[in-house]
Trainee: 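The structure that follows is given in the form of structure tokens.
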Protein chains: 2
Amino acid sequence: MSNNLDFVAKLRNSGLRPTKQRIKICEILFGGKETFHFSINDLSKIIAQKTNEKISLATIYNTVHAFLGKGYLKQIAVNSEQSYYDTNVSDHHHFYDVDKDQLIDIHDSEVEPVKINRKIPGKKIKSIEVLVKLQNI
Amino acid sequence: MSNNLDFVAKLRNSGLRPTKQRIKICEILFGGKETFHFSINDLSKIIAQKTNEKISLATIYNTVHAFLGKGYLKQIAVNSEQSYYDTNVSDHHHFYDVDKDQLIDIHDSEVEPVKINRKIPGKKIKSIEVLVKLQNI
DNA sequence: AATCAGATTATAACTATTCTAAAGTAATAA
DNA sequence: TTATTACTTTAGAATAGTTATAATCTGATT
């Protein structure tokens with residue numbers, strides 16, 4: 001289980017100043033045992049619940065972008081009006097419940113590895129993302 | 001090779017009035033032999049090039065939504081700031097060139113079928129989309 | 001403690017998309 | 001045909017998510 005000193009070290013090691021806003025966001029994103037999926041709007045609401053001092057929306061965006069850049073988060077391709085992020089940065093895929101607008105991890109054991117038998121000249125694969133859209137029966 | 005009468009019939013059969021704007025958009029989207037990928041912005045530019053009379057942006061959105069609803073187009077999940085659509089509505093996957101902001105079809109013969117060994121109670125699979133992000137070597 | 005680069009903030013700006021309501025047009029009935 | 005009606009187009013306003021700006025603040029270093 002992580003504590004705040006871990007986050008301070010992690011931030012500092014990445015060249016990011018451990019400000020109280022970033023530490024708070026680390027607690028929320030990386031403090032639990034579960035990985036989770038969120039939009040900026042989700043994160044913003046959670047911060048509002050768990051914190052007395054407000055964190056400005058600009059800072060939330062800045063921080064999420066910084067963490068993305070450092071590889072602590074990854075963005076998930078969903079065609080919703082908002083962007084979604086995942087604290088689980090390992091290669092894995094997702095269910096997307098279109099009715100509940102909610103993402104669920106698919107573990108590697110639950111899907112065969114995707115193999116692409118084609119190469120595009122001058123390009124290399126950056127990532128392979130599978131999105132399985134779910135709807136109510 | 002399709003001609004305008006085909007589009008008129010197609011629209012009429014779908015319960016959509018064959019207006020000249022819709023016919024023009026059909027020509028652009030479905031008139032060539034190749035399927036293609038576009039954003040509203042792309043389509044808007046192509047219409048501007050190929051047409052003397054302008055089609056309003058609202059109509060372009062309306063028409064794309066109508067065609068989506070009728071299953072003549074499908075939306076592709078890419079996390080870009082704009083939505084992408086595909087005239088190829090069969091099950092297939094995509095490369096996304098992040099540097100050129102461009103989509104490329106992956107034919108079924110080029111990828112093993114994706115199998116998901118998990119079910120979510122009360123939900124059924126609506127679609128499975130694989131997005132292979134490409135970057136410059 | 002003073003300094004300074006980097007961070008936070010409120011707010012403005014921007015972009016994609018949706019909404020609105022007025023004017024136009026295709027289909028239908030007379 | 002013409003009249004009527006329902007659907008469509010349109011310009012522009014409104015909205016939502018995100019990014020930019022510039023002033024203030026704060027953590028790290030001297």
Side-chain angles (χ1 to χ4, degrees), chain A residues 4-5 7-28 37-48 51-70 72-73 75-85 101, chain B residues 4-5 7-28 37-48 51-70 72-73 75-85 101:
Chain A
N4 287 8
L5 286 181
F7 296 138
V8 170
K10 175 175 183 164
L11 287 165
R12 201 170 268 134
N13 290 338
S14 328
L16 298 171
R17 281 193 189 163
T19 65
K20 62 177 189 294
Q21 292 86 347
R22 285 173 176 166
I23 294 166
K24 171 56 79 178
I25 292 174
C26 277
E27 287 173 29
I28 291 169
H37 307 103
F38 63 96
S39 65
I40 296 290
N41 186 42
D42 296 334
L43 180 55
S44 177
K45 282 184 190 164
I46 294 169
I47 291 170
T51 312
N52 294 325
E53 302 167 63
K54 284 177 186 158
I55 299 180
S56 118
L57 192 55
T59 299
I60 299 175
Y61 274 102
N62 287 343
T63 302
V64 167
H65 288 159
F67 289 179
L68 261 185
K70 295 300 178 183
Y72 301 146
L73 291 175
Q75 200 170 2
I76 304 170
V78 183
N79 46 3
S80 160
E81 61 278 353
Q82 34 186 358
S83 294
Y84 281 86
Y85 304 92
D101 194 37
Chain B
N4 287 7
L5 287 181
F7 298 139
V8 170
K10 175 174 183 165
L11 287 165
R12 202 169 267 134
N13 291 338
S14 328
L16 297 171
R17 281 191 189 165
T19 65
K20 63 176 189 293
Q21 292 86 346
R22 286 173 177 166
I23 293 167
K24 173 55 83 178
I25 292 174
C26 276
E27 287 174 29
I28 291 170
H37 307 103
F38 63 96
S39 65
I40 296 291
N41 186 41
D42 296 333
L43 180 54
S44 177
K45 281 184 189 163
I46 293 170
I47 291 171
T51 310
N52 294 324
E53 302 166 63
K54 282 177 187 157
I55 298 180
S56 118
L57 193 55
T59 298
I60 300 174
Y61 274 102
N62 287 344
T63 302
V64 167
H65 288 159
F67 288 179
L68 261 185
K70 296 298 177 184
Y72 301 147
L73 291 175
Q75 200 170 2
I76 305 170
V78 183
N79 45 4
S80 158
E81 62 279 352
Q82 34 185 359
S83 294
Y84 282 86
Y85 303 91
D101 194 35

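Reminder, nothing fancy here: chain letters follow the sequence lines and each chain counts from 1.
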Trainee: Calculate the interatomic distance between A:N79 atom CG and C:dT17 atom P; express it in whole Å.
Mentor: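 Rounded to the whole Å, the gap is 11 Å.
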Trainee: Using modelled atom types only, decide if a donor and an acceptor are shared between the side chain of A:S56 and the backbone of A:A58 within a distance under 3.5 Å.
Mentor: yes
Trainee: Under 4.0 Å between a side-chain N or O of B:R12 and OP1 or OP2 of C:dA26?
Mentor: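 The answer is no; no side-chain N or O of B:R12 sits under 4.0 Å from OP1 or OP2.
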Trainee: Give one of base, sugar-phosphate or nothing for A:N62, where a contact means two heavy atoms less than 4.0 Å apart.
Mentor: base
Trainee: For B:S83, answer base if it contacts any base atom (sugar-phosphate contacts may also be present), sugar-phosphate if it contacts only those atoms, and nothing otherwise; contact means non-hydrogen atoms under 4.0 Å.
Mentor: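 Counting heavy atoms under 4.0 Å across all strands, the contact made by B:S83 is with sugar-phosphate only.
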Trainee: Rounded to the nearest angstrom, tell me the gap between atom NZ in B:K20 and atom P in C:dA27.
Mentor: 13 Å
Trainee: Please pick, from C:dT11, C:dT25, C:dA16, the nucleotide with the shortest atom-to-atom distance to any side-chain atom of B:R17.
Mentor: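 The closest nucleotide is C:dT25.
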Trainee: Under 4.0 Å from OP1 or OP2 of C:dT8: is there any side-chain N or O of A:T19 that close?
Mentor: yes
Trainee: How close or far is atom P of C:dT18 from atom CD of A:Q82, stated in whole angstroms?
Mentor: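 After rounding, the gap between these two atoms is 14 Å.
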Trainee: Side chains of A:N62 and A:T59: donor-acceptor distance under 3.5 Å anywhere?
Mentor: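 Their side chains do not contain a donor-acceptor pair, so the 3.5 Å distance test is not met.
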Trainee: Is there a donor-acceptor contact under 3.5 Å from the side chain of A:R12 to the main chain of A:P18?
Mentor: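 Here the side-chain-to-backbone pair does not exist.
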Trainee: Whole angstrom is fine here: how far is it from CG in A:L11 over to C1' in C:dG6?
Mentor: 14 Å
Trainee: For the side chain of A:Q21, counting heavy atoms from C-beta on, which of C:dA26, C:dT17, C:dT8 is nearest?
Mentor: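 That would be C:dT8.
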Trainee: Is there a side chain to side chain contact (heavy atoms under 4.5 Å, CB included) between B:D101 and B:Y84? Walk through the geometry before answering.
Mentor: CA-CA 10 Å; B:D101 194 35; B:Y84 282 86; 2.7 Å; yes
Trainee: Report yes or no: does B:T51 contribute a side-chain atom to a donor-acceptor pair with the main-chain N or O of B:K54 at less than 3.5 Å?
Mentor: no
Trainee: Do the side chain of A:S44 and the main chain of A:I40 share a donor and acceptor less than 3.5 angstrom apart?
Mentor: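 Flag not set: sc A:S44 to bb A:I40 has no pair under 3.5 Å.
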Trainee: Write down the distance between CG (B:N41) and C1' (C:dC14), rounded to a whole number of angstrom.
Mentor: 14 Å
Trainee: Is the shortest heavy-atom distance from the side chain of A:Y85 to the side chain of B:N79 under 4.5 Å?
Mentor: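 No, side chains not in contact.
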Trainee: Grab the CD-P distance between B:E53 and C:dT25 for me, whole Å please.
Mentor: 10 Å
Trainee: Classify the nucleic acid contact of B:T59 as base, sugar-phosphate or nothing, counting any heavy atom under 4.0 Å across all strands shown.
Mentor: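 Base: the residue B:T59, judged by heavy atoms under 4.0 Å, touches a nucleobase.
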Trainee: Is the phosphate of C:dT17, meaning OP1 or OP2, less than 4.0 Å from a side-chain N or O of B:H65?
Mentor: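 Answer no for this pair, as no side-chain N or O of B:H65 is under 4.0 Å from OP1 or OP2.
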Trainee: Shoot me the first and last contacting nucleotide of DNA chain D against chain B, ordered 5' to 3', at under 4.0 angstrom to non-hydrogen atoms.
Mentor: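 Contact span on the strand: D:dA6 to D:dA11.
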Trainee: Taking atom P of C:dA7 as reference, at what distance in whole Å does atom CG of A:L57 sit?
Mentor: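 Distance, rounded to whole Å: 18 Å.
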Trainee: Roughly, in whole Å, what's the span from OH in A:Y61 to P in C:dA10?
Mentor: 15 Å
